[in-house]
Amino acid sequence: MVCNNFTGGENRVLNPVYCMDIESLLNDAPAMYKVDSMDMFGALSGLPEQCKDAWKIGMDSPAPEAETISNVLVTGMGGSAIGGDLLRAYASGKMAVPVAVNRDYTLSQYADKSTLVIAVSYSGNTEETLSVYEQARKRECTIAVITTGGKLKESADKDGVPVIKIPGGLAPRAATGYLFIPALAVMQKLGLLKNVEDEIKELEDELEKIKKNITPESALEHNAAKQLAREFYGRIPVIWGAAGTTGVAAQRYKGQVNENAKAPAYWNVFPELNHNELVGFEVPRDLLEKLHIVMLKDKGDHERIKTRMEITRGIAARSVSGVTEISSSGEGLLARMYTLIYVGDYASVYLAVLYDIDPGPVKIIDYLKSELAGR
Ligand code: PA5
(Lines give C-alpha, C1' and ligand atoms only; values in the text may rest on other atoms or scores of the structure.)
Protein backbone atom coordinates (compact mmCIF):
# COMPACT_ATOMS: atom_id res chain seq x y z
CA MET A 1 0.00 0.00 0.00
CA VAL A 2 1.31 3.46 -0.81
CA CYS A 3 0.34 6.31 1.47
CA ASN A 4 0.07 9.34 -0.77
CA ASN A 5 -1.85 11.61 1.49
CA PHE A 6 0.32 11.52 4.59
CA THR A 7 0.94 14.96 6.01
CA GLY A 8 2.61 14.20 9.33
CA GLY A 9 5.14 16.54 10.86
CA GLU A 10 8.89 16.07 10.54
CA ASN A 11 9.33 14.06 13.72
CA ARG A 12 6.50 11.71 13.10
CA VAL A 13 6.99 8.16 11.93
CA LEU A 14 4.63 6.99 9.25
CA ASN A 15 3.03 3.64 9.76
CA PRO A 16 2.86 2.26 6.20
CA VAL A 17 0.01 -0.14 6.93
CA TYR A 18 -2.45 2.38 8.31
CA CYS A 19 -1.33 5.40 6.28
CA MET A 20 -1.35 7.17 9.59
CA ASP A 21 1.45 8.49 11.73
CA ILE A 22 1.92 6.22 14.71
CA GLU A 23 0.86 8.85 17.20
CA SER A 24 -2.52 9.27 15.51
CA LEU A 25 -2.93 5.51 15.43
CA LEU A 26 -2.16 5.25 19.14
CA ASN A 27 -4.94 7.74 19.75
CA ASP A 28 -7.46 5.90 17.60
CA ALA A 29 -8.94 3.25 19.92
CA PRO A 30 -11.49 1.83 17.41
CA ALA A 31 -8.71 1.31 14.83
CA MET A 32 -6.61 -0.49 17.43
CA TYR A 33 -9.41 -2.80 18.49
CA LYS A 34 -9.90 -3.92 14.87
CA VAL A 35 -6.62 -5.83 14.74
CA ASP A 36 -7.20 -7.59 18.08
CA SER A 37 -9.15 -10.73 17.06
CA MET A 38 -8.83 -12.46 20.45
CA ASP A 39 -9.71 -9.40 22.50
CA MET A 40 -6.36 -9.14 24.27
CA PHE A 41 -7.30 -5.57 25.20
CA GLY A 42 -10.45 -6.91 26.87
CA ALA A 43 -8.46 -9.49 28.81
CA LEU A 44 -6.03 -6.80 29.97
CA SER A 45 -8.87 -4.59 31.05
CA GLY A 46 -10.26 -7.49 33.08
CA LEU A 47 -7.01 -8.19 34.94
CA PRO A 48 -7.94 -6.53 38.28
CA GLU A 49 -11.17 -8.54 38.39
CA GLN A 50 -9.30 -11.66 37.29
CA CYS A 51 -6.89 -11.33 40.22
CA LYS A 52 -9.77 -11.09 42.67
CA ASP A 53 -11.53 -14.06 41.09
CA ALA A 54 -8.30 -16.07 41.00
CA TRP A 55 -7.81 -15.66 44.75
CA LYS A 56 -11.36 -16.85 45.39
CA ILE A 57 -10.91 -19.85 43.10
CA GLY A 58 -7.64 -20.70 44.85
CA MET A 59 -9.19 -20.46 48.31
CA ASP A 60 -12.32 -22.41 47.30
CA SER A 61 -10.40 -25.24 45.62
CA PRO A 62 -8.91 -28.30 47.26
CA ALA A 63 -5.30 -27.97 48.39
CA PRO A 64 -2.70 -30.65 49.00
CA GLU A 65 -2.07 -31.76 52.53
CA ALA A 66 1.45 -32.10 53.81
CA GLU A 67 3.14 -32.31 57.18
CA THR A 68 6.45 -30.91 56.04
CA ILE A 69 7.23 -28.85 52.98
CA SER A 70 10.91 -28.07 52.68
CA ASN A 71 10.84 -26.52 49.20
CA VAL A 72 8.43 -25.50 46.45
CA LEU A 73 8.90 -26.15 42.76
CA VAL A 74 6.60 -24.58 40.16
CA THR A 75 6.71 -26.36 36.83
CA GLY A 76 5.30 -24.91 33.63
CA MET A 77 6.23 -23.22 30.37
CA GLY A 78 5.77 -19.78 28.83
CA GLY A 79 2.68 -17.93 30.03
CA SER A 80 2.08 -20.65 32.60
CA ALA A 81 5.59 -20.45 34.06
CA ILE A 82 5.83 -16.73 34.70
CA GLY A 83 3.52 -17.14 37.71
CA GLY A 84 6.26 -19.32 39.20
CA ASP A 85 8.76 -16.48 38.80
CA LEU A 86 6.29 -14.10 40.43
CA LEU A 87 5.87 -16.53 43.30
CA ARG A 88 9.62 -16.94 43.69
CA ALA A 89 10.17 -13.17 43.78
CA TYR A 90 7.25 -12.61 46.13
CA ALA A 91 8.15 -15.49 48.42
CA SER A 92 11.86 -14.85 48.77
CA GLY A 93 11.41 -12.21 51.46
CA LYS A 94 8.38 -13.83 53.07
CA MET A 95 8.61 -17.60 52.99
CA ALA A 96 10.89 -19.81 55.05
CA VAL A 97 11.31 -22.33 52.24
CA PRO A 98 12.80 -21.72 48.78
CA VAL A 99 10.79 -21.58 45.55
CA ALA A 100 12.29 -22.82 42.28
CA VAL A 101 10.83 -22.59 38.79
CA ASN A 102 11.23 -25.52 36.43
CA ARG A 103 10.90 -24.97 32.66
CA ASP A 104 11.97 -28.32 31.39
CA TYR A 105 11.04 -31.99 30.93
CA THR A 106 13.01 -33.15 33.94
CA LEU A 107 12.30 -32.88 37.65
CA SER A 108 15.33 -31.82 39.69
CA GLN A 109 17.06 -34.64 41.54
CA TYR A 110 16.50 -33.08 44.97
CA ALA A 111 12.70 -33.19 44.68
CA ASP A 112 11.19 -35.70 47.12
CA LYS A 113 8.22 -36.16 49.44
CA SER A 114 8.89 -32.84 51.13
CA THR A 115 8.78 -30.97 47.80
CA LEU A 116 5.57 -29.20 46.89
CA VAL A 117 5.32 -29.36 43.10
CA ILE A 118 2.81 -26.97 41.55
CA ALA A 119 2.20 -28.07 37.96
CA VAL A 120 0.77 -25.17 35.97
CA SER A 121 -0.51 -25.41 32.41
CA TYR A 122 -3.29 -23.31 30.99
CA SER A 123 -4.18 -25.85 28.29
CA GLY A 124 -3.24 -28.82 30.44
CA ASN A 125 -1.53 -30.35 27.42
CA THR A 126 2.01 -28.99 27.51
CA GLU A 127 4.36 -31.94 27.19
CA GLU A 128 7.18 -30.62 29.37
CA THR A 129 4.73 -29.99 32.23
CA LEU A 130 3.05 -33.38 31.81
CA SER A 131 6.47 -35.03 31.92
CA VAL A 132 7.45 -33.34 35.20
CA TYR A 133 4.04 -34.06 36.69
CA GLU A 134 4.55 -37.79 36.08
CA GLN A 135 8.02 -37.72 37.62
CA ALA A 136 6.69 -35.85 40.65
CA ARG A 137 4.04 -38.54 41.08
CA LYS A 138 6.64 -41.28 40.96
CA ARG A 139 8.83 -39.43 43.47
CA GLU A 140 5.77 -39.06 45.76
CA CYS A 141 6.07 -35.28 45.88
CA THR A 142 3.18 -33.27 47.29
CA ILE A 143 1.43 -31.95 44.17
CA ALA A 144 -1.10 -29.29 43.23
CA VAL A 145 -2.28 -28.63 39.68
CA ILE A 146 -3.46 -25.33 38.19
CA THR A 147 -5.12 -25.77 34.79
CA THR A 148 -8.23 -25.30 32.69
CA GLY A 149 -8.37 -29.02 31.85
CA GLY A 150 -6.57 -31.20 29.29
CA LYS A 151 -4.43 -34.25 30.02
CA LEU A 152 -3.03 -32.68 33.16
CA LYS A 153 -6.46 -32.47 34.76
CA GLU A 154 -7.32 -35.98 33.57
CA SER A 155 -4.18 -37.41 35.18
CA ALA A 156 -4.59 -35.41 38.38
CA ASP A 157 -8.23 -36.49 38.74
CA LYS A 158 -7.23 -40.10 38.21
CA ASP A 159 -4.35 -39.78 40.71
CA GLY A 160 -6.40 -37.98 43.34
CA VAL A 161 -4.20 -34.89 43.08
CA PRO A 162 -5.96 -31.60 43.96
CA VAL A 163 -6.81 -29.55 40.89
CA ILE A 164 -7.39 -25.82 40.90
CA LYS A 165 -9.56 -25.46 37.82
CA ILE A 166 -9.37 -22.02 36.27
CA PRO A 167 -11.58 -20.51 33.54
CA GLY A 168 -10.67 -21.22 29.90
CA GLY A 169 -11.07 -19.05 26.82
CA LEU A 170 -8.07 -16.77 27.33
CA ALA A 171 -4.57 -16.78 25.89
CA PRO A 172 -2.34 -18.23 28.65
CA ARG A 173 -0.35 -15.01 28.92
CA ALA A 174 -3.60 -13.11 29.42
CA ALA A 175 -4.43 -15.37 32.36
CA THR A 176 -1.48 -14.66 34.69
CA GLY A 177 -3.87 -13.84 37.52
CA TYR A 178 -5.47 -17.27 37.24
CA LEU A 179 -2.16 -19.02 36.70
CA PHE A 180 -0.33 -17.39 39.61
CA ILE A 181 -2.66 -16.23 42.36
CA PRO A 182 -4.14 -19.65 43.22
CA ALA A 183 -0.57 -20.74 44.05
CA LEU A 184 -0.54 -18.02 46.71
CA ALA A 185 -3.74 -19.48 48.12
CA VAL A 186 -2.07 -22.90 48.29
CA MET A 187 0.89 -21.35 50.17
CA GLN A 188 -1.47 -19.69 52.61
CA LYS A 189 -3.42 -22.92 53.19
CA LEU A 190 -0.20 -24.77 53.88
CA GLY A 191 0.84 -22.09 56.35
CA LEU A 192 3.80 -20.95 54.23
CA LEU A 193 2.36 -17.44 53.74
CA LYS A 194 -0.14 -15.41 55.70
CA ASN A 195 -2.48 -12.44 55.15
CA VAL A 196 -2.13 -12.66 51.39
CA GLU A 197 -5.72 -11.46 50.96
CA ASP A 198 -4.69 -7.96 52.06
CA GLU A 199 -2.13 -7.81 49.28
CA ILE A 200 -4.63 -9.18 46.75
CA LYS A 201 -7.01 -6.35 47.65
CA GLU A 202 -4.25 -3.79 47.26
CA LEU A 203 -3.24 -5.37 43.95
CA GLU A 204 -6.76 -5.08 42.58
CA ASP A 205 -7.03 -1.43 43.69
CA GLU A 206 -3.63 -0.45 42.29
CA LEU A 207 -4.31 -2.12 38.95
CA GLU A 208 -7.67 -0.34 38.69
CA LYS A 209 -5.94 2.93 39.49
CA ILE A 210 -3.27 2.69 36.82
CA LYS A 211 -5.59 1.10 34.27
CA LYS A 212 -7.33 4.43 33.72
CA ASN A 213 -4.14 5.84 32.21
CA ILE A 214 -3.04 2.94 30.05
CA THR A 215 -6.16 1.74 28.20
CA PRO A 216 -6.70 2.44 24.47
CA GLU A 217 -9.10 5.27 25.42
CA SER A 218 -6.45 7.13 27.39
CA ALA A 219 -4.56 9.66 25.24
CA LEU A 220 -0.93 9.08 24.29
CA GLU A 221 0.28 12.11 26.20
CA HIS A 222 -0.89 10.61 29.54
CA ASN A 223 -0.41 6.97 28.64
CA ALA A 224 2.91 5.37 29.67
CA ALA A 225 2.13 2.11 27.84
CA LYS A 226 1.44 3.86 24.54
CA GLN A 227 4.54 5.99 24.97
CA LEU A 228 6.58 2.87 25.51
CA ALA A 229 5.16 1.23 22.37
CA ARG A 230 6.07 4.39 20.44
CA GLU A 231 9.68 4.02 21.61
CA PHE A 232 9.75 0.30 20.82
CA TYR A 233 8.36 0.71 17.31
CA GLY A 234 11.11 0.01 14.76
CA ARG A 235 13.56 -0.79 17.54
CA ILE A 236 14.63 -3.72 19.70
CA PRO A 237 13.47 -3.43 23.31
CA VAL A 238 15.99 -4.32 26.02
CA ILE A 239 14.42 -4.50 29.46
CA TRP A 240 16.44 -4.28 32.64
CA GLY A 241 15.09 -4.99 36.12
CA ALA A 242 16.65 -5.74 39.47
CA ALA A 243 17.26 -9.26 40.72
CA GLY A 244 14.68 -10.10 43.35
CA THR A 245 12.24 -7.26 42.69
CA THR A 246 11.62 -6.11 39.12
CA GLY A 247 13.60 -8.80 37.28
CA VAL A 248 10.50 -10.91 36.83
CA ALA A 249 8.69 -7.93 35.29
CA ALA A 250 11.62 -7.44 32.88
CA GLN A 251 11.34 -11.07 31.86
CA ARG A 252 7.62 -10.65 31.37
CA TYR A 253 8.05 -7.54 29.15
CA LYS A 254 10.36 -9.54 26.92
CA GLY A 255 7.95 -12.46 26.63
CA GLN A 256 4.98 -10.20 25.97
CA VAL A 257 6.75 -8.28 23.19
CA ASN A 258 7.69 -11.65 21.66
CA GLU A 259 4.25 -13.23 21.89
CA ASN A 260 1.96 -10.25 21.40
CA ALA A 261 3.94 -8.09 18.96
CA LYS A 262 5.82 -11.05 17.43
CA ALA A 263 8.99 -9.01 17.74
CA PRO A 264 12.35 -9.63 19.40
CA ALA A 265 13.15 -8.28 22.86
CA TYR A 266 15.76 -9.05 25.49
CA TRP A 267 16.00 -8.73 29.26
CA ASN A 268 18.54 -8.81 32.02
CA VAL A 269 18.91 -7.89 35.69
CA PHE A 270 21.02 -5.63 37.86
CA PRO A 271 23.57 -6.08 39.31
CA GLU A 272 24.63 -8.97 37.03
CA LEU A 273 24.33 -6.94 33.81
CA ASN A 274 26.91 -4.50 35.16
CA HIS A 275 29.43 -7.31 35.08
CA ASN A 276 29.06 -8.26 31.42
CA GLU A 277 26.17 -6.94 29.27
CA LEU A 278 27.00 -3.29 29.80
CA VAL A 279 30.49 -3.81 28.42
CA GLY A 280 28.94 -4.75 25.08
CA PHE A 281 27.60 -1.31 24.24
CA GLU A 282 30.42 -0.08 22.00
CA VAL A 283 29.95 -1.79 18.65
CA PRO A 284 28.33 -2.31 16.17
CA ARG A 285 27.16 1.28 16.51
CA ASP A 286 24.46 1.21 13.84
CA LEU A 287 22.79 -1.79 15.52
CA LEU A 288 23.11 -0.34 19.03
CA GLU A 289 21.23 2.72 17.81
CA LYS A 290 18.29 0.41 17.18
CA LEU A 291 18.01 -0.60 20.84
CA HIS A 292 15.61 1.00 23.27
CA ILE A 293 16.35 0.33 26.93
CA VAL A 294 13.76 0.21 29.68
CA MET A 295 14.84 0.34 33.29
CA LEU A 296 12.23 -0.95 35.73
CA LYS A 297 12.49 0.64 39.14
CA ASP A 298 11.06 -0.21 42.51
CA LYS A 299 11.29 1.36 45.92
CA GLY A 300 12.40 -2.03 47.27
CA ASP A 301 15.52 -2.04 45.09
CA HIS A 302 18.75 -2.23 47.09
CA GLU A 303 20.31 1.23 47.54
CA ARG A 304 23.42 0.17 45.62
CA ILE A 305 21.22 -1.05 42.75
CA LYS A 306 19.62 2.41 42.61
CA THR A 307 23.07 3.94 42.30
CA ARG A 308 24.11 1.38 39.71
CA MET A 309 21.00 2.19 37.63
CA GLU A 310 21.83 5.86 37.63
CA ILE A 311 25.42 5.32 36.45
CA THR A 312 24.41 2.64 33.96
CA ARG A 313 21.79 4.84 32.40
CA GLY A 314 24.45 7.42 31.56
CA ILE A 315 26.70 4.81 29.96
CA ALA A 316 24.00 3.08 27.91
CA ALA A 317 22.40 6.33 26.78
CA ARG A 318 25.54 7.17 24.80
CA SER A 319 24.97 4.39 22.29
CA VAL A 320 21.28 3.41 22.21
CA SER A 321 18.24 5.20 20.80
CA GLY A 322 16.92 6.02 24.25
CA VAL A 323 16.31 4.90 27.81
CA THR A 324 12.89 4.90 29.50
CA GLU A 325 12.47 4.47 33.24
CA ILE A 326 9.27 2.99 34.64
CA SER A 327 8.58 2.91 38.36
CA SER A 328 6.29 0.54 40.18
CA SER A 329 3.42 1.80 42.32
CA GLY A 330 1.72 0.50 45.43
CA GLU A 331 2.91 -0.61 48.83
CA GLY A 332 3.09 -4.41 48.80
CA LEU A 333 5.50 -6.29 46.54
CA LEU A 334 2.63 -8.00 44.72
CA ALA A 335 1.07 -4.70 43.62
CA ARG A 336 4.49 -3.26 42.80
CA MET A 337 5.48 -6.15 40.55
CA TYR A 338 2.12 -6.32 38.84
CA THR A 339 1.79 -2.60 38.19
CA LEU A 340 5.03 -2.75 36.21
CA ILE A 341 3.83 -5.82 34.36
CA TYR A 342 0.51 -4.17 33.56
CA VAL A 343 2.18 -1.28 31.75
CA GLY A 344 4.40 -3.69 29.79
CA ASP A 345 1.48 -5.94 28.88
CA TYR A 346 -0.46 -3.03 27.42
CA ALA A 347 2.65 -1.69 25.68
CA SER A 348 3.22 -5.04 23.96
CA VAL A 349 -0.33 -5.07 22.59
CA TYR A 350 0.02 -1.46 21.37
CA LEU A 351 3.26 -2.46 19.69
CA ALA A 352 1.46 -5.32 17.94
CA VAL A 353 -1.12 -2.86 16.65
CA LEU A 354 1.59 -0.52 15.37
CA TYR A 355 3.06 -3.41 13.38
CA ASP A 356 -0.42 -4.44 12.17
CA ILE A 357 0.04 -7.74 14.00
CA ASP A 358 -2.88 -9.53 15.63
CA PRO A 359 -1.65 -9.79 19.25
CA GLY A 360 -3.66 -12.89 20.23
CA PRO A 361 -2.74 -15.86 18.03
CA VAL A 362 0.70 -17.43 18.46
CA LYS A 363 0.80 -19.52 15.30
CA ILE A 364 4.45 -20.42 15.68
CA ILE A 365 3.87 -22.00 19.11
CA ASP A 366 0.81 -23.83 17.77
CA TYR A 367 2.80 -25.06 14.77
CA LEU A 368 5.68 -26.26 16.97
CA LYS A 369 3.33 -28.10 19.30
CA SER A 370 1.55 -29.81 16.42
CA GLU A 371 4.85 -30.79 14.75
CA LEU A 372 6.08 -32.24 18.06
CA ALA A 373 2.83 -34.14 18.57
CA GLY A 374 3.29 -35.84 15.21
CA ARG A 375 6.83 -37.10 15.98
O1 PA5 B 1 1.48 -17.79 26.00
C2 PA5 B 1 1.48 -18.88 25.45
O3 PA5 B 1 0.57 -19.23 24.68
C4 PA5 B 1 2.57 -19.87 25.72
O5 PA5 B 1 3.68 -19.26 26.31
C6 PA5 B 1 2.02 -21.01 26.59
O7 PA5 B 1 1.71 -20.55 27.87
C8 PA5 B 1 3.04 -22.14 26.66
O9 PA5 B 1 3.26 -22.67 25.38
C10 PA5 B 1 2.59 -23.27 27.59
O11 PA5 B 1 1.28 -23.64 27.30
P12 PA5 B 1 0.25 -23.84 28.49
O13 PA5 B 1 0.18 -22.52 29.18
O14 PA5 B 1 -1.02 -24.24 27.86
O15 PA5 B 1 0.85 -24.91 29.34
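As the structure is a prediction and not an experimental result, all values here were calculated from the model. Just so you know, ligand 1 is whichever comes first in the structure, and atom 1 is the first atom listed for that ligand.
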*Indicate yes or no: does D157 engage K153 in a salt bridge with an N to O separation below 4.0 Å.*
yes
*Looking at S80, which atoms of ligand 1 are within less than 4.0 Å of one of its heavy atoms?*
7 (O), 12 (P), 13 (O), 15 (O)
*Nearest-contact summary for atom 12 (P) of ligand 1 - protein heavy atom, Å*: T126 OG1, 3.2 Å
*Just jot down the side chain to side chain contact (heavy atoms under 4.5 Å, CB included) partners of K290, sequence neighbours excluded, or say none.*
none
_Pair K201 + E206: basic N to acidic O under 4.0 Å_ = no
*If you measure every N/O of S121 against every N/O of ligand 1, is any gap under 3.5 Å?*
yes
*asked:* Could you work out, with side chain to side chain contact (heavy atoms under 4.5 Å, CB included) as the rule, every residue matching I236, not counting sequence neighbours?
replied: P264, Y266, L291
*Taking non-hydrogen atoms only, is S123 closer than 4.0 angstrom to ligand 1 via side chain, backbone, both or neither?*
both
*For atom 10 (C) of ligand 1, what's the nearest protein heavy atom and its distance?*
M77 O, 3.4 Å
*What's the shortest distance from atom 2 (C) of ligand 1 to any protein heavy atom, and which residue and atom give it?*
E259 OE1, 2.9 Å
*Does a donor on one side chain sit under 3.5 Å from an acceptor on the other, for D21 and S24?*
yes
*Closest protein heavy atom to atom 9 (O) of ligand 1, given as residue, atom name and distance to 0.1 Å*: K369 NZ, 2.9 Å
*Under 3.5 Å between some N or O of ligand 1 and some N or O of G79?*
yes
*Do R139 and D112 meet the salt-bridge criterion of a basic N to acidic O distance under 4.0 Å?*
no
